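From a predicted model like this one, the values you see are computed outputs, not experimental measurements. Letters A, B, ... mirror the listed sequences (proteins, then strands); counts begin at 1.
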There are 2 protein chains.
Amino acid sequence: MDKQTKKRLEADGWQVGDAQDFLGLADAEAEFIEMKLALAEDLRARRLKRHLNQTQVARIVGSSQSRVAKMEAADSSVSIDLLIRSLLKLGAARADVAKAVSAQSHARAS
Amino acid sequence: MDKQTKKRLEADGWQVGDAQDFLGLADAEAEFIEMKLALAEDLRARRLKRHLNQTQVARIVGSSQSRVAKMEAADSSVSIDLLIRSLLKLGAARADVAKAVSAQSHARAS
DNA sequence: GTATGATATGTCAGATGCGACATACGTGCC
DNA sequence: GGCACGTATGTCGCATCTGACATATCATAC
């Protein structure tokens, strides 16, 4: 980062001295999406393991088939909140969620 | 659970045979709140470790001091989405988030 | 073919979450 | 006392998320 840029950013109130923050803004979002994908995959895996269809899962978690489909697809309209709540309602423990959170998703890169 | 109840629930579409789901509905919410508390604590710990105040964190994560305060208090108006996004923007890795997710919160029981 | 079941996609009204602002509370210093 | 700083709490208008519904797509069986 050149001094000019640094100066401007500082004027805007950025903590430029603490490099990680600035460099991480884009990465943070990428990591977030990766997490979402991993959780979505875990949800589907859990469902399949128990031989349930999306409609049955919808009943269990208190939602609808279409939303379950969107959850599994990590649709942009689905929050991590909803994914985690659903996993927990399917019987996942906190440790299971943690595992999914740090897991590498198997989805192909975009 | 007596047979009468079981029958009624099945008629309503519940997967009663799979006990965990039904019994876990309340627990799931409790676990969810515990997770939120743990993430909130981690956020505060990260901030303090770097000797930042809430206003500075607000700038970094793109929010306001009041919302950061609410995040750290695990206020009901803040989502896990926001907590995780904020942690990532503060430089936490996915593994760090996972650790927090499974960590026991130090908050006193209600 | 077409019927049946499962999954995906699009849309919408109502619910929830968000940043921002004002303001209250607390603590230390003068 | 007052002032400065940090944190907490309440509220609000706007944005995003959610369950529900309709409908599409895709298999598999007959």
Using whole Å, report how far CZ of Arg50(B) lies from P of dG6(D). 16 Å
So if I take residues 65-74 of chain B and measure heavy-atom distances to DNA chain D, which residues fall below 4.0 Å? Gln65(B), Ser66(B), Ala69(B), Lys70(B)
Candidates Arg46(B), Arg67(B), Arg44(B) - the one meeting salt bridge (charged side-chain N to carboxylate O under 4.0 Å, His left out) with Glu72(B): Arg44(B)
Tell me if a side-chain donor or acceptor on Asp42(B) pairs with a main-chain N or O of Ala100(B) at a distance below 3.5 Å. no
For Ser76(A), report the nucleic acid contact type (base, sugar-phosphate, nothing); a contact means any heavy atom under 4.0 Å. sugar-phosphate
Could you tell me how far apart Leu52(B) (CG) and dC5(D) (P) are, to the nearest whole angstrom? 17 Å
Between Asn53(B) (CG) and dG6(D) (P), how many Å, whole number? 5 Å
With no hydrogens and no angle check, is any side-chain donor or acceptor of Lys36(B) less than 3.5 Å from a backbone partner on Val78(B)? yes
In whole angstrom, what separates Gln54(A)'s CD from dA27(D)'s P? 15 Å
What's Arg85(A) touching, base or sugar-phosphate or nothing? Going by heavy atoms closer than 4.0 Å. nothing
Using a 4.0 Å heavy-atom cut-off across all strands, classify Ser64(A) as base, sugar-phosphate, or nothing. base
Is a side-chain donor or acceptor of Glu41(A) paired with a backbone partner of His106(A) at a separation under 3.5 angstrom? yes
Euclidean distance, atom CG of residue Asp75(B) to atom P of dG10(D) [Å, nearest integer]: 9 Å
Identify the 5'-most and 3'-most nucleotides of DNA chain C with at least one atom closer than 4.0 Å to a non-hydrogen atom of chain A. dA6(C) to dT11(C)
Counting N and O atoms only, with roles assigned by atom type, does the side chain of Asp81(A) sit under 3.5 Å from a partner on the main chain of Ile80(B), one being a donor and the other an acceptor? yes
Between Arg85(A) and Phe32(B), is there a donor-acceptor pair closer than 3.5 Å when you use the side chain of the first and the backbone of the second? no
